Amino acid sequence: MIRAVENFKSDFKYSFKVEDILKKLTLEPPKNPINGDMSTNLAMILSKDLNLSPKIIANNFMIYISNLPDIENVDVAGPGFINIKFKQHVWSDFICNLINNTENWDELKIGKGKKINIEYISANPTGPLHAGHARGAVFGDALASLLTTVGYSVIREYYINDAGNQIEKLVESSLLRYNEQVTNKSIDIPDGLYPGEYLKEVGKTLFEKYGDELQLDHKEKVFEKVRSVSLEVIMGMIKNDLLKLGIEMDVFTSEKEIISGHLLVDILKILESKNLIFSGVLDPPKGTDPKNWKKREQLLFKSSLYGDDSDRALKKSDGEWTYFATDMAYHLDKMNRTKGDLINVLGADHIGYIPRISAAVNALSNGSISIDTKVCALVNLLEDGKPIKMSKRAGNFVTLSDIIKAVGKDVVRFIMLTRRNDQPLDFDFKKVMEKSKENPVFYVQYAHARCNSIFRSSKVKEEELILENPKLLEDNYEIELIKFIALWPRTLELAAKNHEPHRICYYLIELSSIFHSLWNKGKDNNIKFIVEDNLELTNARLSLVKAVAITIRKGLSILKIEPIFEM
RNA sequence: GGACGCGUAGCUCAGCUGGAUAGAGCAACUGCCUUCUAAGCAGUAGGUCAGAGGUUCGAAUCCUCUCGCGUUCACCA
């Protein structure tokens with residue numbers, strides 16, 4: 001294509017800059033297949049430079065493409081699109097290539113082995129994972145898997161907020177549960193502490209480990225012991241739940257260790273050297289009542305220089321570090337370890353936090369590290385259209401473990417990705433288990449099971465199939481399916497570049513739809529996959545079925561979902 | 001009040017970073033099972049892409065403003 005443009009330029013002695021044009025040039029399959037297999041906007045973008053109408057340019061340029069091999073014809077349409085139609089064999093050869101390279105026909109090397117760190121879940125270690133964590137967990141994990149597939153070296157990271165006020169409350173709550181074990185009397189958990197039943201497990205473990213030797217009246221002495229047992233037990237629950245979802249993190253980083261290390265001193269030095277730190281008083285945010293505003297002199301970071309609305313406090317008035325300060329230190333730590341870009345997956349309730357952390361990463365890395373923060377919107381849990389009531393105060397919220405038990409890991413993973421991450425999502429326990437077209441997991445799995453069913457009937461083993469005569473794939477419906485399969489690498493690429501794993505789901509649903517449609521052509525148009533008296537044709541069509549099955553499995557494997565072979 | 005996100009068919013949502021006549025699925029009508037799984041498929045109907053400007057060959061997509069909805073806004077984590 002580039003060569004064609006250059007020849008075109010020199011033959012007509014045009015004076016445009018090829019590099020400039022290439023920036024705006026597109027060469028892609030048009031939305032509507034009626035307009036050919038590939039389409040380019042060349043004539044339209046040249047029209048201004050050459051002061052000629054796009055149609056004239058397009059007509060002059062056509063010949064430079066139509067002489068290329070594998071081109072059936074070229075025409076000019078609409079405002080000046082140059083539409084290219086490939087010869088039929090391009091598509092059947094494509095299937096041939098796919099069948100011969102089932103493992104790496106779609107291999108993309110976008111990542112080039114570069115490191116990238118994805119922090120996700122990072123749920124507080126004060127209780128088991130619940131429904132709200134599920135989406136971020138699945139999203140982050142699918143994104144990690146997707147980026148691994150396209151050649152990045154991905155680090156899956158979980159940040160444990162094991163410091164601060166909430167841990168004190170956790171220790172207190174655990175001690176009460178421990179007391180229950182010692183005295184064998186049940187205790188009411190006061191407001192403000194963690195009432196959940198799961199802490200009984202912690203109490204039990206403490207009792208098994210220490211007997212009754214923990215002296216409750218010397219809280220400071222037992223604090224560390226209770227803390228470490230509580231965290232161990234709860235993080236054990238969390239890791240176990242994640243495992244049920246098919247998730248294994250590479251790195252767990254402790255907030256407490258960040259605080260006790262030298263990183264906070266490091267960031268102070270860095271910020272000082274850049275003159276980004278000062279002692280001052282924040283203005284009240286606009287719209288708040290100034291009467292309620294307490295002026296406080298604090299150590300501040302000039303995050304407003306990096307696009308944040310306000311500067312941010314690094315130290316509390318009592319001299320302790322703020323959460324933001326330790327988080328900044330944590331991000332420095334991540335950058336040091338990763339030596340690559342960062343992705344954070346957060347819940348929608350932390351949206352306001354994004355600008356300051358981006359500012360921090362920007363300032364600390366001199367803009368050399370990019371951070372992309374993906375926000376996961378709410379999940380509405382429904383039962384047949386009606387919201388499920390949850391009361392976090394009473395401690396009886398729907399846990400992740402409950403959900404997996406009810407519908408299975410694969411359904412959870414798929415459904416969580418059937419909506420863009422920043423859009424709210426309905427998760428209806430009844431609908432996601434339905435065996436019908438309305439349920440996208442089922443729909444895709446059914447398509448795959450059908451592929452397998454065809455192979456069962458044909459008595460040919462899928463893995464042993466070799467395509468003998470690709471030219472027999474010539475029906476329009478077949479070509480349509482092949483073209484869609486050919487879009488798979490592009491889908492992967494876009495999903496990876498935009499950090500949008502949901503695109504994989506949508507692709508699989510559409511692929512399934514096209515396949516189901518072709519299947520039914522067996523009735524109307526007599527395009528059956530298995531043709532009794534024609535082994536060669538059967539072989540060609542089975543190859544197409546194999547290509548569908550391979551692509552569905554590839555997509556599912558990125559989402560870490562098991563394909564179903566028989567339903 | 002500020003920041004961010006959203007507003008696309010009656011409903012739930014896609015829309016390939018600016019392309020051609022804006023797409024699916026539900027719901028509504030009409031068809032298709034002696035057939036490789038009808039757990040499915042085909043067809044009809046349904047739209048001022050919230051509104052108004054701007055950028056250019058070309059806008060649902062980019063910019064500005066207005067309206068509506070949501071989230072969020074100090075030393076919590």
Side-chain angles (χ1 to χ4, degrees), chain A residues 24 26 28-32 34-35 39 41 43-48 53-54 77-81 83 124 126 161 163-167 255 282-288 292-294 296 298 307-310 312-318 320-324 326-327 347-355 375 377-378 418-420 422-426 434-440 442-443 445-447 449-451 453-458 487 490-491 493-495 497-498 500 502-503 506-507 509-510 513 516-524 526 528-531 538 541 545 566-567:
Chain A
K24 291 196 273 181
T26 59
E28 54 192 8
K31 272 184 194 167
N32 191 339
I34 234 169
N35 293 316
S39 180
N41 61 353
M44 275 117 69
I45 55 179
L46 274 179
S47 133
K48 202 174 186 185
S53 92
F81 286 101
N83 293 329
N124 285 335
T126 52
N161 295 127
N165 209 356
Q166 58 179 0
I167 295 303
E255 181 188 2
L282 285 174
D283 292 330
K286 284 171 187 172
T288 52
N292 298 332
W293 183 256
K294 286 179 194 157
R296 279 186 287 251
Q298 285 172 293
D308 199 2
D309 341 328
S310 154
R312 302 293 171 181
L314 295 174
K315 280 199 173 181
K316 303 179 194 171
S317 45
D318 64 1
E320 291 283 307
W321 296 105
T322 61
Y323 178 80
F324 173 60
T326 59
D327 207 23
D349 50 340
H350 290 91
I351 235 170
Y353 193 68
I354 298 170
V375 169
L378 268 172
T418 50
R419 202 108 303 172
R420 278 179 61 115
D422 52 3
Q423 295 285 352
L425 170 87
D426 287 345
E434 243 167 49
K435 296 188 170 178
S436 82
K437 193 180 174 172
E438 267 196 77
N439 177 1
F442 170 78
Y443 192 68
Q445 291 284 22
Y446 184 40
R450 269 188 160 166
C451 291
S453 146
I454 294 166
F455 276 99
R456 270 202 310 279
S457 315
S458 75
L487 285 177
R490 173 102 175 123
T491 304
E493 183 189 344
L494 288 167
K497 283 188 175 162
N498 293 302
E500 290 181 346
H502 75 277
R503 292 182 190 230
Y506 278 93
Y507 175 87
I509 293 167
E510 198 173 345
S513 166
H516 284 307
S517 176
L518 182 61
W519 168 286
N520 276 271
K521 294 288 185 298
K523 284 176 292 194
D524 317 341
N526 246 345
K528 286 204 161 190
F529 295 108
I530 301 168
V531 187
T538 301
R541 290 186 176 165
V545 175
E566 199 170 345
M567 310 183 102

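Keep in mind that this is a model prediction, so the values were computed, not measured. Basis for what follows: all heavy atoms, side chains included, without hydrogens, waters or symmetry-related copies. Residue numbers start from 1 in every chain, and the chains themselves are labelled A, B, ... in the order their sequence lines are given, proteins ahead of strands.
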[X] near the nucleic acid: base, sugar-phosphate alone, or nothing, with a heavy-atom cut-off under 4.0 Å?
X       : result
S317(A) : base
A377(A) : nothing
A163(A) : sugar-phosphate
R312(A) : nothing
D283(A) : nothing
Y443(A) : sugar-phosphate
K497(A) : nothing
K48(A)  : sugar-phosphate
P30(A)  : base
N124(A) : sugar-phosphate
F324(A) : nothing
Q423(A) : sugar-phosphate
N35(A)  : base
S436(A) : sugar-phosphate

- Query: Would K435(A) and M567(A) satisfy side-chain contact (heavy atoms from CB on, under 4.5 Å), going step by step from the backbone distance to the final call?
  - Reply: CA-CA 10 Å; K435(A) 296 188 170 178; M567(A) 310 183 102; over 6 Å; no
[atom1]-based separation of [M] from [N] [nearest Å]:
N      : M      : atom1 : result
A24(B) : A14(B) : C1'   : 7 Å
C69(B) : G53(B) : P     : 24 Å
A38(B) : A50(B) : C1'   : 41 Å
C11(B) : A74(B) : P     : 36 Å

- Message: When you compare the side chains of Y446(A) and R450(A), does any donor N or O come within less than 3.5 Å of an acceptor on the partner?
- Response: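 Side-chain D/A pair, Y446(A) to R450(A): present.
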Would you mind reading off the distance between [X] atom [atom1] and [N] atom [atom2], rounded to a whole angstrom?
X       : N      : atom1 : atom2 : value
N41(A)  : G19(B) : CG    : C1'   : 8 Å
R420(A) : G5(B)  : CZ    : C1'   : 10 Å
L518(A) : U35(B) : CG    : P     : 19 Å
L425(A) : U71(B) : CG    : P     : 17 Å
E438(A) : C11(B) : CD    : P     : 17 Å
H350(A) : C73(B) : NE2   : C1'   : 13 Å
I354(A) : A3(B)  : CD1   : C1'   : 11 Å
R419(A) : G15(B) : CZ    : C1'   : 13 Å

- Message: Any side-chain to backbone donor/acceptor pair from W293(A) onto L282(A)? Under 3.5 Å, distance only.
- Response: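 Judged by distance alone, yes, a pair lies under 3.5 Å.
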- Would you find a donor on one side and an acceptor on the other, under 3.5 Å apart, between the side chain of N41(A) and the backbone of K24(A)?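 Yes.
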Nearest-neighbour nucleotide for the [X] side chain, [options] considered:
X       : options                : result
R456(A) : A74(B), A20(B), U37(B) : U37(B)
H502(A) : U37(B), A14(B), A77(B) : A14(B)
N498(A) : G19(B), U17(B), A39(B) : U17(B)
N520(A) : U37(B), A77(B), G40(B) : G40(B)
P79(A)  : A42(B), G19(B), U72(B) : G19(B)
E28(A)  : U37(B), U17(B), A74(B) : U17(B)
H516(A) : U72(B), C41(B), G5(B)  : C41(B)
F442(A) : C57(B), A39(B), C36(B) : A39(B)
S453(A) : A74(B), U37(B), C4(B)  : U37(B)
P285(A) : G40(B), A74(B), A3(B)  : A74(B)

- Query: With side chains defined as the heavy atoms from C-beta onward, is the minimum distance between Y506(A) and T491(A) less than 4.5 Å?
  - Reply: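 Heavy-atom side-chain distance check fails, nothing below 4.5 Å.
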- Task: Determine whether T322(A) and R312(A) make a side-chain contact, defined as any pair of heavy atoms from C-beta on separated by less than 4.5 Å.
- Result: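 No; the side chains remain at least 4.5 Å from each other.
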- Set of side-chain hydrogen bond (donor to acceptor under 3.5 Å, both in side chains) partners for Y323(A), sequence neighbours left out: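 Listed in chain order: N161(A).
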- Message: A cation-pi test, strictly: NZ or CZ of K316(A) under 6.0 Å from the centre of the six-membered ring of W321(A) and no more than 45 degrees from its axis. Yes or no?
- Response: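 Output no; distance or angle outside limits.
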- Message: For RNA chain B, report each stem as range with range, ordered by first number, or say none. Use Watson-Crick or G-U wobble pairs under 3.5 Å, at least 3 in a row.
- Response: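 When the pairs of RNA chain B are grouped into runs of at least three, the stems are B:1-7 with B:67-73, B:10-13 with B:23-26, B:28-32 with B:40-44, B:50-54 with B:62-66.
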- Task: Could you check D318(A) against I530(A) and say which one's nearest nucleotide on RNA chain B is further toward the 5' end?
- Result: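 Comparing both residues, the 5'-ward one is I530(A).
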- Task: Would you kindly compare F81(A) and Y506(A) by the position of their nearest RNA chain B nucleotide and give the one closer to the 5′ end?
- Result: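 With F81(A) and Y506(A) compared, the 5'-side residue is Y506(A).
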I want to check one thing: is the phosphate of [N], taken as OP1 and OP2, less than 4.0 Å away from some side-chain N or O of [X]?
X       : N      : value
R490(A) : U17(B) : yes
K437(A) : C41(B) : yes
T322(A) : C76(B) : no

Taking atom [atom1] of [X] and atom [atom2] of [Y], what is their separation to the nearest 0.5 Å?
X       : Y       : atom1 : atom2 : answer
S517(A) : W519(A) : OG    : CH2   : 13.0 Å
S458(A) : R541(A) : OG    : CZ    : 14.0 Å
I34(A)  : N83(A)  : CD1   : CG    : 11.0 Å

- Query: For R420(A), what residues pass the side-chain contact (heavy atoms from CB on, under 4.5 Å) criterion, not counting sequence neighbours?
  - Reply: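 Once residues adjacent in sequence are excluded, the partners of R420(A) under the side-chain contact (heavy atoms from CB on, under 4.5 Å) criterion are D422(A), Q423(A), E500(A), H502(A).
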- Item | pi-stack flag for W293(A) and A74(B), centroid dist under 5.5 Å, interplanar under 30° |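 Here the ring of W293(A) and the base of A74(B) are stacked, with centres under 5.5 Å and planes under 30°.
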- Report yes if the ring of W519(A) lies under 5.5 Å from the six-membered base ring of G40(B) with planes under 30°, and no otherwise.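 Answer is no, no stack.
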- Message: Could you check U17(B) for me: syn (within 90° of 0) or anti?
- Response: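 The base of U17(B) is oriented syn (glycosidic angle within 90° of 0).
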- Query: Is the base of C33(B) syn or anti, if syn means a glycosidic angle within 90° of 0?
  - Reply: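 C33(B): syn.
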- Less than 3.5 Å between a donor and an acceptor, one on the side chain of S39(A) and one on the base of A20(B), is that the case here?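 When only heavy-atom distances are counted, S39(A) does reach the base of A20(B) through a donor-acceptor pair under 3.5 Å.
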